**Student:** 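Structure below; questions to follow.
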Amino acid sequence: VTTAWCFVDLSFPPGFKFGVASSAYQVEGAWNISDKSESIWDHFSHTHPERIAGAAHGDVACDSYRHWKRDIQMVHELGVHFYRFSISWPRLMPTGFPNYISEDGKQYYNKLIDGLLAKGIQPLVTMYHWDLPQRLQELGGWTNPLVTDWFLDYARTVFSLYGDRVKTWITINEPLVMCEMSYNDGSMAPGIISPEVGTYLCNKHTLLAHAKAWRLYDNEFRHKYHGEISLVNHMFWYEAVMSGEEEITELAQENSAGRYSHPIFSKEGGWPSSIVDALALNSKRQGYPKSNFPSLTKEEIELMKGTYDFYAMNHYTSRQVRKSKGGEKFGSWPINDGPDLDIKLSAHHSWARTAASWFYVNPPGIRKQLVWLRKHYGNLKFIIAENGYPSSGGKHDPDRIAYLHDNLEQILLAIQEDGVNVTAYTVWSLMDNFEWMDGYKTKFGLFEVDFNSPERKRTPRASAHYYRKVIKAHSLDVPRPHYRPEPSSS
Ligand code: PNW
């Protein structure tokens with residue numbers, strides 16, 4: 001990886017696409033409208049307000065259930081090629097099962113999809129962005145092997161309803177973040193602490209559910225609709241603290257990117273062998289008679305292998321990595337250390353802090369991560385499905401503009417210097433929204449949302465104008481707005 005940034009051609013390859021993203025629970029609100037049933041995030045935020053900043057919840061959020069026309073208008077104003085949003089399973093299928101489809105739920109997504117297409121914006125639809133029907137949670141949720149078939153039924157429903165118009169599908173958003181943060185320390189719904197068992201069951205079942213949905217699309221829908229489908233993986237870039245410790249860095253990569261990619265994207269399929277060995281040893285140390293990390297049958301390995309049409313990556317931040325020394329305290333993977341693997345994580349002192357405690361700025365990480373993925377899985381079609389910056393508010397957001405610029409520059413370098421086939425980029429997020437355990441405190445929006453106004457007024461930030469100019473020019477060679485201090489009143 002070179003740093004010859006001065007030679008970068010600032011224009012994006014022809015055909016490179018730009019988008020912007022949101023997710024159902026984070027923006028829709030209308031949590032109990034019509035026949036919608038409770039999701040695990042409705043349940044978690046109502047029963048565990050103490051685990052969420054400001055005891056916040058998504059009951060109303062951005063009220064996109066009512067303001068979807070304004071959302072489409074905003075997406076249109078940005079001039080993006082696609083809008084990534086998610087379908088709420090409990091809104092569409094309130095029982096969790098396909099015995100009953102909500103007419104209101106169905107029409108909501110029809111209106112959104114048709115409204116986008118009418119403006120020439122492609123819908124990029126995430127089928128699952130963490131809001132499982134609570135009824136399925138009561139049957140074990142992602143730890144029950146049957147969830148893979150429940151997801152398959154849900155997938156058949158969404159492909160049948162929307163496949164004629166939706167040409168790019170994401171099955172599951174960030175299985176890493178949802179499994180590890182739900183089960184390692186319970187910071188996300190359903191908030192169950194079972195790091196030695198639950199996390200790994202979720203890991204296996206999310207990948208199997210994805211694979212079944214991909215095969216369904218491939219066998220029954222692709223010939224009619226000619227779309228593409230994959231999952232989205234989230235990853236931190238890991239840097240070795242000391243040279244000579246690359247081995248532990250590689251183990252950290254395999255424990256996040258690898259554990260959630262290898263079964264699907266590698267040529268041989270199955271789990272990364274370094275992880276199988278390390279976790280078997282760990283189970284032994286913890287007193288279990290055999291490894292807690294679930295094995296895969298030959299059929300399961302074959303079922304998962306090759307179930308992708310592109311590699312979608314969400315990337316935000318980096319960590320430094322070293323091997324832990326005896327007696328060190330551990331936090332919770334993936335934000336903090338991996339107790340299982342004696343991996344100690346930290347942040348470099350030069351990486352700027354942000355409004356989100358887990359987030360430090362290190363733009364070269366995105367390029368290095370792309371190169372890592374290409375090395376391990378080949379030069380696939382890569383899509384950046386999320387990248388964005390958390391601030392604490394204000395319409396003038398030079399830090400966000402700098403972050404977007406610097407990350408896009410690294411992506412251009414990955415394309416031009418390293419030959420990585422990156423074809424699309426997505427900003428998280430269209431607007432401020434319910435940021436999970438951070439509530440409404442950290443703001444990722446290109447549009448500011450006034451959560452005190454009844455209409456949840458949306459106003460473009462300086463970064464929204466900047467992103468629009470980049471897209472229009474199809475180039476980073478656009479002036480960045482001058483920073484003006486926020487007027488004291490409006
Ligand atoms: C992703 N972490 O989540 C999600 O896909 C979005 O829903 C979310 O709003 C966005 O990134 C910004 O956070 C993450 O703590 C949440 O490491 C937390 C972490 C990573 C990703």
Side-chain angles (χ1 to χ4, degrees), residues 22-68 71 85-109 112 125-144 147 150-151 154 157-158 172-175 177-179 181-183 185-193 198 202 206 209 429 431-442 449 451 454 456:
S22 72
S23 90
Y25 185 72
Q26 294 179 275
V27 302
E28 283 178 4
W31 77 280
N32 61 356
I33 288 287
S34 181
D35 45 6
K36 179 183 171 293
S37 70
E38 208 186 16
S39 77
I40 55 173
W41 269 95
D42 294 316
H43 190 79
F44 182 69
S45 61
H46 295 156
T47 53
H48 285 291
E50 79 287 355
R51 297 205 203 163
I52 299 172
H57 49 67
D59 289 5
V60 182
C62 307
D63 210 1
S64 284
Y65 188 74
R66 288 189 185 76
H67 302 303
W68 57 275
D71 292 352
F85 63 91
S86 81
I87 293 177
S88 160
W89 186 344
R91 188 179 301 290
L92 188 64
M93 287 167 44
T95 66
F97 297 105
N99 61 319
Y100 177 77
I101 308 295
S102 160
E103 189 56 29
D104 285 348
K106 184 175 118 187
Q107 291 314 339
Y108 176 65
Y109 298 109
L112 187 54
V125 177
T126 310
M127 292 155 58
Y128 183 76
H129 203 122
W130 307 353
D131 47 355
L132 192 74
Q134 176 63 20
R135 291 173 191 194
L136 300 186
Q137 186 58 47
E138 279 151 20
L139 301 174
W142 289 104
T143 63
N144 184 339
V147 73
W150 305 337
F151 186 75
Y154 171 56
T157 306
V158 298
I172 301 181
N173 181 65
E174 301 183 350
V177 176
M178 74 173 242
C179 291
M181 294 184 68
S182 300
Y183 293 98
D185 67 359
S187 56
M188 286 194 173
I192 292 168
I193 300 175
C202 180
T206 46
S429 177
M431 62 190 143
D432 298 340
N433 56 51
F434 176 79
E435 178 50 28
W436 310 115
M437 62 285 169
D438 286 343
Y440 296 96
K441 215 179 66 200
T442 56
V449 176
F451 291 101
R456 297 296 191 267

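Given the structure is predicted, the values throughout are model-derived calculations rather than measurements.
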**Student:** Under the ring pair (Phe, Tyr, Trp, His ring centres under 6.0 Å) criterion, do Y128 and W142 qualify, and how do the steps go?
**Tutor:** CA-CA 12 Å; Y128 183 76; W142 289 104; 5.2 Å; yes

**Student:** So, taking the atom named CG in N433 and the one named OG in S22, what distance separates them when rounded to the nearest 0.5 Å?
**Tutor:** 7.5 Å

**Student:** Donor-acceptor check, side chain of D432 to backbone of V449, threshold 3.5 angstrom: yes or no?
**Tutor:** yes

**Student:** Donor-acceptor pair, W31 side chain versus D42 backbone, under 3.5 Å?
**Tutor:** no

**Student:** Which class fits the ring pair Y440 and F451: parallel under 30°, tilted 30 to 60°, perpendicular over 60°?
**Tutor:** tilted

**Student:** Could you measure the distance from the OG atom of S88 to the CG atom of D131? Nearest 0.5 Å is fine.
**Tutor:** 4.5 Å

**Student:** What's the separation between atom CD in Q26 and atom OG in S86, rounded to the nearest 0.5 Å?
**Tutor:** 8.0 Å

**Student:** For a 4.5 angstrom cut-off between non-hydrogen side-chain atoms, does W436 reach M181?
**Tutor:** no

**Student:** Show your working on salt bridge (charged side-chain N to carboxylate O under 4.0 Å, His left out) between E28 and R91 and close with a plain yes or no.
**Tutor:** CA-CA 10 Å; E28 283 178 4; R91 188 179 301 290; 2.8 Å; yes

**Student:** Checking D59 against H46 for the side-chain contact (heavy atoms from CB on, under 4.5 Å) test, could you report, in this order, the C-alpha distance in whole Å, the side-chain angles of both residues, the deciding distance, and whether it holds?
**Tutor:** CA-CA 9 Å; D59 289 5; H46 295 156; 2.7 Å; yes

**Student:** Grab the two heavy atoms, one from P190 and one from Y183, that are nearest each other, plus how far apart they are.
**Tutor:** CG-OH, 3.9 Å

**Student:** Does R51 CZ have over 12 foreign heavy atoms under 6.0 Å away?
**Tutor:** yes

**Student:** With a 3.5 Å distance limit and no angle check, can you tell me whether Y25 reaches the backbone of G58 through a side-chain donor-acceptor pair?
**Tutor:** yes

**Student:** Given 3.5 Å as the limit, does a donor-acceptor pair link the side chain of T442 with the main chain of D438, or not?
**Tutor:** no

**Student:** How about I87 and T126: do any of their side-chain heavy atoms sit closer than 4.5 Å?
**Tutor:** no

**Student:** Below 30° counts as parallel, above 60° as perpendicular, anything between as tilted: where do the rings of F44 and H48 land?
**Tutor:** tilted

**Student:** When you look at T206 and C202, which way does the side-chain contact (heavy atoms from CB on, under 4.5 Å) test go after all the steps?
**Tutor:** CA-CA 6 Å; T206 46; C202 180; 4.0 Å; yes

**Student:** Are the side chain of S39 and the backbone N or O of P90 linked by a donor-acceptor pair below 3.5 Å?
**Tutor:** no

**Student:** Could you check I172 against F151 for side-chain contact (heavy atoms from CB on, under 4.5 Å), going step by step and ending with a plain yes or no?
**Tutor:** CA-CA 10 Å; I172 301 181; F151 186 75; 3.9 Å; yes

**Student:** Using every non-hydrogen atom in the two residues, find where S45 and H57 come nearest and quote the distance to one decimal.
**Tutor:** OG-CB, 3.4 Å

**Student:** Taking the side chain as every heavy atom from C-beta outward, state whether M178 and N173 have any atom pair closer than 4.5 Å.
**Tutor:** no

**Student:** After noting the C-alpha distance and the side-chain angles of E138 and R135, does the key distance pass the salt bridge (charged side-chain N to carboxylate O under 4.0 Å, His left out) rule?
**Tutor:** CA-CA 5 Å; E138 279 151 20; R135 291 173 191 194; over 6 Å; no

**Student:** Identify the two heavy atoms, one from M437 and one from S187, that lie closest to each other, and give their separation to 0.1 Å.
**Tutor:** CB-O, 4.0 Å

**Student:** Looking only at atom types and distance, does a side-chain atom of T95 sit under 3.5 Å from a main-chain N or O of F97, one as donor and one as acceptor?
**Tutor:** yes

**Student:** Are the side chains of N99 and M93 in touch, meaning some heavy atoms are under 4.5 Å apart?
**Tutor:** no

**Student:** At what distance, to the nearest 0.5 angstrom, does SG of C62 lie from CZ of R456?
**Tutor:** 8.0 Å

**Student:** Taking the side chain as C-beta and beyond, is there a heavy-atom pair between Y100 and P94 under 4.5 Å?
**Tutor:** yes

**Student:** What distance separates Y108 OH from W68 CH2, expressed to the nearest 0.5 Å?
**Tutor:** 8.5 Å

**Student:** Report the C-alpha separation of L132 and H43 in whole Å, then their side-chain angles, then the decisive distance to 0.1 Å, and conclude whether the side-chain contact (heavy atoms from CB on, under 4.5 Å) test is met.
**Tutor:** CA-CA 10 Å; L132 192 74; H43 190 79; over 6 Å; no

**Student:** Between atom CE of M127 and atom OG1 of T157, what is the distance when rounded to the nearest 0.5 Å?
**Tutor:** 9.5 Å

**Student:** Between P133 and W150, is there a side-chain heavy-atom distance shorter than 4.5 Å?
**Tutor:** no

**Student:** Would you say V147 and L136 make side-chain contact, with heavy atoms under 4.5 Å?
**Tutor:** no

**Student:** Are L92 and S102 close enough that some pair of their side-chain heavy atoms sits under 4.5 Å apart?
**Tutor:** no

